[in-house]
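Accompanying notes for the structure given below.
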Amino acid sequence: MKATPCTVDQARAAKAKAAELLADLPVVGIGITRIGDGYALKVNLRESVAENLLPTEVDGVPIKTEVVGEISKR
């Protein structure tokens, strides 16, 4: 049985909790992205971290991570 896709409202609600859970990691941004028919959180990291430190979901909302490096003004 396939899980029901998350709504954008569910992703928005999970975003603050994800920020708290990931506060000790090198996170440079948390956003919302589309995955299939639903939404997920997109976590941008400054550097890679051990996979066991990253949750795969928060409150049922999937998390996608990407190492993007340092963010700076242009």
Side-chain angles (χ1 to χ4, degrees):
M1 184 168 113
K2 188 175 177 184
T4 303
C6 292
T7 66
V8 71
D9 290 331
Q10 289 171 311
R12 285 183 184 135
K15 193 173 168 181
K17 186 172 181 180
E20 288 178 27
L21 290 172
L22 302 170
D24 294 335
L25 299 178
V27 175
V28 293
I30 300 175
I32 296 173
T33 188
R34 296 271 311 185
I35 293 183
D37 294 335
Y39 291 85
L41 295 178
K42 171 80 183 313
V43 177
N44 293 325
L45 300 167
R46 182 174 39 257
E47 58 196 44
S48 47
V49 297
E51 284 193 32
N52 64 334
L53 296 177
L54 297 169
T56 57
E57 66 177 45
V58 172
D59 292 341
V61 178
I63 293 180
K64 293 286 188 181
T65 59
E66 182 178 355
V67 178
V68 298
E70 190 68 39
I71 303 292
S72 61
K73 289 184 179 180
R74 290 188 178 217

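If you're wondering where the values come from, they're calculated on a predicted model, not measured in any experiment. Computed from heavy atoms alone, side chains included, the values below leave out hydrogens, waters and symmetry copies.
- Remark: the backbone N or O of Ile32 is not paired with any side-chain donor or acceptor of Lys15 at under 3.5 angstrom.
- Heavy atoms only, all atoms of each residue included: Cys6 and Val61 are closest at SG-CA, 3.7 Å.
- Among all heavy-atom pairs drawn from Leu53 and Pro55, the shortest one is O-CD, 3.7 Å.
- In terms of hydrophobic clustering, with Ile, Leu, Val, Met, Phe, Trp and Tyr side chains grouped at heavy-atom distances under 4.5 Å, Ile30 and Val8 are assigned to a common cluster.
- Minimum heavy-atom separation, Leu41 to Ala11: CD2-O, 3.4 Å.
- Under the 4.5 Å side-chain heavy-atom criterion for Ile, Leu, Val, Met, Phe, Trp and Tyr, Val49 and Val43 are members of the same hydrophobic cluster.
- Between Val67 and Arg46, the closest heavy-atom pair is CG1-O, 3.9 Å.
- The NZ atom of Lys64 lies 4.5 Å from the CD1 atom of Ile35; values are rounded to the nearest 0.5 Å.
- Between the OG1 atom in Thr65 and the NZ atom in Lys42 there is a gap of 9.0 Å [rounded to 0.5 Å].
- Going from atom OG1 of Thr4 over to atom CG of Asp37 covers 11.0 Å, rounded to the nearest 0.5 Å.
- Transitive grouping of hydrophobic side chains (ILVMFWY, heavy atoms separated by less than 4.5 Å) brings Leu45 and Leu22 into a common cluster.
- Here the closest non-hydrogen pair linking Ala14 and Val58 is CB-O, 3.7 Å.
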